[in-house]
Amino acid sequence: MSSNRTIVKSLLQKPASIKSKSQAKQLHAQIIKSKGVHSGLMDSIISMYSNLNLLQDSLLVFNSFPSPSIVAWKSIIKCYTSNGLFLQSLLSFVDMRASGKYPDHNIFPSVLKSCASLINLKVGESVHGCIIRLGLDFDLYTGNALMNMYCKLQNLGEVGAPRSHAALSYKIPESMCSKSINGTCYEFNKQNVGVDSMGILAPTGNEFPQRIETQKTPFLESVRKVFDGMPKRDLVSWNTVIAGLAQNGIHREALMMIKKMADAGLKPDSFSLSSILPIFAEYVDVSKGKEIHGYAIRHGLDTDVFIGSSLIDMYAKCTRVDNSHRVFFLLPQRDAISWNSIIAGCVQNGLFDEGLKLFRQMLMANIKPRHVTFSSIMPACAHLTTLHMGKQLHGYIIRSLFDDNVFIASSLVDMYAKCGNIRIARWIFDKMESPDMVSWTAMIMGYALHGCAHDSLSLFQQMEMENVKPNYVAFVAVLTACSHAGLIDKALILFNSMKQDYGITPGLEHYAAIADLLGRAGRLEEAYEFISSMHIEPTGSVWATLLGACRVHKKVELAENVATKIFELDPENMGSYVLMSNIYAASGRWSDAAKLRITMKGKGMKKKPACSWIEVKNKLHAFMAGDKSHPYYDRINEAMKVLLEQMEREGYVPNTDDVLHDVEEEQKRYILCSHSERLAIGFGIISTPPGTTIRVTKNLRVCVDCHIATKFISKIVGREIIVRDVSRFHHFKDGKCSCGDYW
DNA sequence: ATAGGGTTAG
């Protein structure tokens with residue numbers, strides 16, 4: 001059959017030309033029918049099946065060999081590897097060696113990939129030995145695969161890979177964002193050398209890599225040796241090394257390699273770019289990131305999904321979410337990772353609603369969410385305290401079998417805690433097999449937000465006992481807990497331990513917690529000294545905690561001193577003007593109070609309207625302070641009025657201190673009643689039967705008297721009112737508030 | 001044979 005012969009001939013020449021399973025099967029059948037089967041043909045058939053990743057068919061052919069040829073072994077090993085059966089792949093390799101066959105250069109890439117995937121250094125190194133003995137270490141593909149294996153081993157941190165800098169926190173001023181990598185080690189230069197280089201020029205050094213700390217990166221050292229020994233290097237060689245360096249925090253060398261590959265006459269491609277873009281994301285360096293973007297556009301690479309998601313992420317980490325959106329919508333096709341990048345970008349920049357919207361769009365576009373999707377979107381639910389949404393996602397997570405993922409579990413702990421459900425948060429935490437530092441911190445912070453300082457502290461202690469090292473954030477959490485409970489001594493011990501035992505430099509949050517505690521305890525001078533001796537410039541808000549304490553303890557002179565500092569540091573801090581003016585008023589210095597009020601008016605300062613919201617029957621109801629537009633506004637106010645009267649009959653005195661002093665008594669009551677928290681609570685009361693748990697899902701602000709109000713309401717109406725975040729509450733002891741007011 | 005996205009923060 002002549003047609004048969006042509007097909008067989010073409011198969012023999014190009015086994016990869018067969019594109020589909022049915023085509024392959026037809027051909028296989030024809031060959032069997034023609035009865036011209038010989039071993040060379042069988043080699044071609046197994047290659048064909050192996051190239052199509054058809055493991056069962058490959059095995060069927062393979063097992064029919066009495067003594068498989070090199071090609072057959074290669075095919076079956078490759079097929080095992082590409083089907084993720086790494087162990088079988090290595091076992092086959094061992095069988096092949098036992099059968100006395102000498103592997104050729106085609107076999108090693110698959111074998112090495114299996115070693116890398118199994119994170120098995122021992123086998124990997126002995127395979128490397130085998131490669132050297134066979135003199136195949138000069139083979140391009142084998143060398144590339146070797147480098148890839150060592151990169152992966154280093155990456156998985158067998159010896160504690162340095163995952164250098166944590167990403168800078170978001171939402172910081174643009175001017176503070178740019179950070180050079182090791183000073184002046186790279187810069188952009190228009191007269192750059194190389195093949196249309198993107199301008200990354202390393203000023204010094206010709207050796208690769210210039211200097212790697214071999215102690216910390218033994219595997220990268222092996223990569224270097226392989227790379228240096230290669231007689232010929234292609235794009236893949238360079239890209240492998242660049243990715244390995246970039247992923248292991250050796251940013252400087254990674255960028256230098258980009259330049260060197262251009263010098264070697266190779267153009268950085270989409271692989272190179274998507275490896276180095278995360279560096280600029282980490283260093284929050286949008287101008288360098290844009291440079292890469294420009295290069296990508298000039299080379300028609302900007303529509304690549306990989307570059308697209310790196311760009312989305314880079315712009316988002318540089319707080320340029322609008323650019324992320326632009327890149328996202330310009331992508332011709334979007335995969336799960338592109339969606340994850342834009343969703344995470346929104347959430348990380350505080351655009352929670354936008355993140356949720358995109359998440360829904362992702363589902364509608366029939367893109368299956370991956371584990372990363374959930375850990376990216378969950379913080380949106382946590383911040384919006386939308387328990388309903390969070391629970392739905394939790395259900396989705398369980399159905400997707402993702403609930404054992406640390407990232408997801410930690411975000412769930414945080415979400416439930418922030419939504420007021422501390423017990424479920426704890427339940428999830430307890431179910432975690434190996435909680436990491438972030439999981440512990442989420443739980444510790446959860447207890448802190450719920451005012452359970454002792455649970456918080458004992459958990460912190462437990463974490464230390466389990467040798468989980470607390471970081472900056474963990475100390476913020478535990479100090480917050482101390483601050484709520486007035487545990488000043490404990491806080492000071494922790495503060496010192498943070499510096500001495502863990503080498504963590506205290507930041508604003510830590511200082512603020514201590515200053516707040518000292519202030520509450522009435523140790524005002526000490527607080528003043530403490531803030532003055534901070535090694536970083538205190539912000540207005542740190543001083544403001546002290547100003548609050550001054551008001552409580554009626555220290556007008558100190559308050560004046562502090563207020564001056566605040567007005568200097570943060571002239572727009574409206575709260576402090578009000579506070580200071582109230583302090584003057586409370587001590588009878590009316591003219592000083594009036595002066596400040598005039599200053600405020602002159603500055604045209606307006607307080608951002610407060611907003612609170614509450615979830616009732618799976619619906620979210622938001623209230624702005626003083627906003628009367630809600631359809632139930634009158635009913636809410638009526639309910640609150642009845643309650644306030646009842647509360648007053650039971651001995652409750654509304655604290656009107658913080659309300660501006662020149663308003664009428666009636667109006668004061670009105671203002672109190674139109675506090676957004678009150679509206680939210682009131683709405684909860686009128687729309688639920690007694691005995692319902694009401695969750696107030698927004699911080700209760702400053703002193704006012706919301707805490708007392710909530711207490712009374714829960715007592716009177718018989719509802720359990722759960723308030724999220726008691727950090728602004730005053731602490732009560734023996735009927736006395738820590739602010740010094742009696743109730 | 002090479003690449004991209006994730007959790008905690010007064």
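Just so we're clear, the structure is a prediction, and the values are computed from it rather than from any experiment. Hydrogens, waters and symmetry mates play no part in the numbers below; they use all other heavy atoms, side chains included. Residue numbers begin at 1 in each chain, while the letters A, B, ... track the order of the sequences.
- Among the protein residues, A:Val542 comes within range of no part of the nucleic acid, since none of its heavy atoms lies under 4.0 Å from any strand.
- Within 4.0 Å (heavy atoms only), A:Ser338 reaches at least one base atom of the nucleic acid.
- Although no hydrogens or angles enter the test, the distance criterion places no donor-acceptor pair under 3.5 Å between the side chain of A:Tyr315 and the main chain of A:Val327.
- In this structure, the nucleotide among B:dA3, B:dT2, B:dA9 sitting nearest to the side chain of A:Tyr472 is B:dA9.
- Rounded to whole angstrom, the span from the CG atom of A:Leu273 across to the C1' atom of B:dG4 amounts to 12 Å.
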Next on the checklist: Could you walk me through whether A:Phe475 and A:Phe495 satisfy the ring-ring contact (aromatic ring centres under 6.0 Å, His included) test, starting with their C-alpha distance in whole Å, then the side-chain angles of each, then the deciding distance to 0.1 Å, before giving a yes or no?
Outcome noted: CA-CA 8 Å; A:Phe475 274 101; A:Phe495 186 77; 9.0 Å; no

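- Residue A:Asn471 places its side chain closer to B:dT8 than to any other of B:dT8, B:dG4, B:dA1.
- Contact annotation: A:Lys152 does not reach the phosphate of B:dA1 (side-chain N/O to OP1 or OP2, under 4.0 Å).
- Taking every side-chain heavy atom of A:Ser410 into account, B:dT7 is the closest of B:dA3, B:dG4, B:dT7.
- Distances from the side chain of A:Ser270 to the nucleotides B:dT7, B:dA3, B:dT8 place B:dA3 closest.
- Residues meeting the ring pair (Phe, Tyr, Trp, His ring centres under 6.0 Å) test with A:Tyr80, sequence neighbours left out: none.
- Taking atom CG on A:Asp404 and atom P on B:dT7, their separation rounds to 18 Å, with Å as the unit.
- Residue-to-nucleotide contacts include a donor-acceptor pair under 3.5 Å from the side chain of A:Asp335 to the base of B:dG4.
- To the nearest angstrom, C1' of B:dG4 lies 10 Å from CZ of A:Arg370.
- The shortest non-hydrogen separation linking A:Thr505 to A:Tyr472 is O-CE1, 3.8 Å.
- For A:Asn405 against B:dG6, a side-chain N or O and a base N or O form a donor-acceptor pair under 3.5 Å.
- Going from atom NE2 of A:His371 over to atom C1' of B:dG4 covers 13 Å, rounded to whole Å.
- A:Ser310 contributes no side-chain N or O that forms a donor-acceptor pair with the base of B:dG4 under 3.5 Å.
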Next on the checklist: Run the side-chain hydrogen bond (donor to acceptor under 3.5 Å, both in side chains) test on A:Thr81 and A:Ser110 for me, step by step, so that the C-alpha distance in whole Å, both residues' side-chain angles and the decisive distance to 0.1 Å come before the verdict.
Outcome noted: CA-CA 6 Å; A:Thr81 302; A:Ser110 304; 4.6 Å; no

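- When the side-chain hydrogen bond (donor to acceptor under 3.5 Å, both in side chains) test is applied to A:Asn239, the partners found at least two apart in sequence or on another chain are A:Asp269, A:Ser272.
- One interatomic measurement links the two molecules: CE of A:Met445 to C1' of B:dG10, which rounds to 8 Å at whole-angstrom precision.
- Here B:dA3 is the nucleotide among B:dA3, B:dT7, B:dT8 with the atom lying nearest to any side-chain atom of A:Ala243.
- Of all nucleotides listed (B:dG6, B:dT7, B:dG10), B:dG6 comes nearest to the side chain of A:Ser376.
- Applying the ring pair (Phe, Tyr, Trp, His ring centres under 6.0 Å) rule to A:Phe402 yields the partners A:His371, A:Phe374; only residues at least two apart in sequence or on another chain are considered.
- For A:Ser411, the listed nucleotide lying nearest its side chain is B:dT7; candidates were B:dT7, B:dG6, B:dG4.
- Here B:dT2 presents its P atom at 16 Å from OH of A:Tyr150, a figure rounded to the nearest Å.
- For the OP1/OP2 pair of B:dA9 and a distance below 4.0 Å, the side-chain nitrogens and oxygens of A:Lys418 include at least one atom meeting the criterion.
- Sequence neighbours left out, the pairs with a member in residues 435-449 of chain A that pass side-chain hydrogen bond (donor to acceptor under 3.5 Å, both in side chains) are A:Ser410-A:Ser439, A:Arg426-A:Tyr447, A:Asp436-A:Ser439.
- For the pair A:Leu301 CG and B:dG4 P, the computed distance is 16 Å after rounding to whole Å.
- Put simply, CZ on A:Phe374 is 12 Å from C1' on B:dG6, counting in whole angstrom units.
- Of the candidates B:dT7, B:dT2, B:dG4, B:dT2 carries the atom nearest the A:Asn239 side chain, counting heavy atoms from C-beta on.
- With sequence neighbours excluded, the residues that form a side-chain hydrogen bond (donor to acceptor under 3.5 Å, both in side chains) with A:Thr373 are A:Asn340.
- Listed by residue number, A:Glu509 are the residues of residues 505-513 of chain A with a heavy-atom contact under 4.0 Å to DNA chain B.
- For B:dT2, one of the phosphate oxygens OP1 or OP2 lies less than 4.0 angstrom from a side-chain nitrogen or oxygen of A:Asn148.
- At a cut-off of 3.5 angstrom, counting only N and O atoms as typed in the model, there is a donor on one side and an acceptor on the other between the side-chain of A:Ser274 and the base of B:dA3.
- Picking from B:dA1, B:dA9, B:dG4 the nucleotide with the shortest atom distance to the side chain of A:Lys78 gives B:dA1.
- For A:Asp234, the side-chain atoms get nearest to B:dA1 when compared with the rest of B:dG6, B:dA9, B:dA1.
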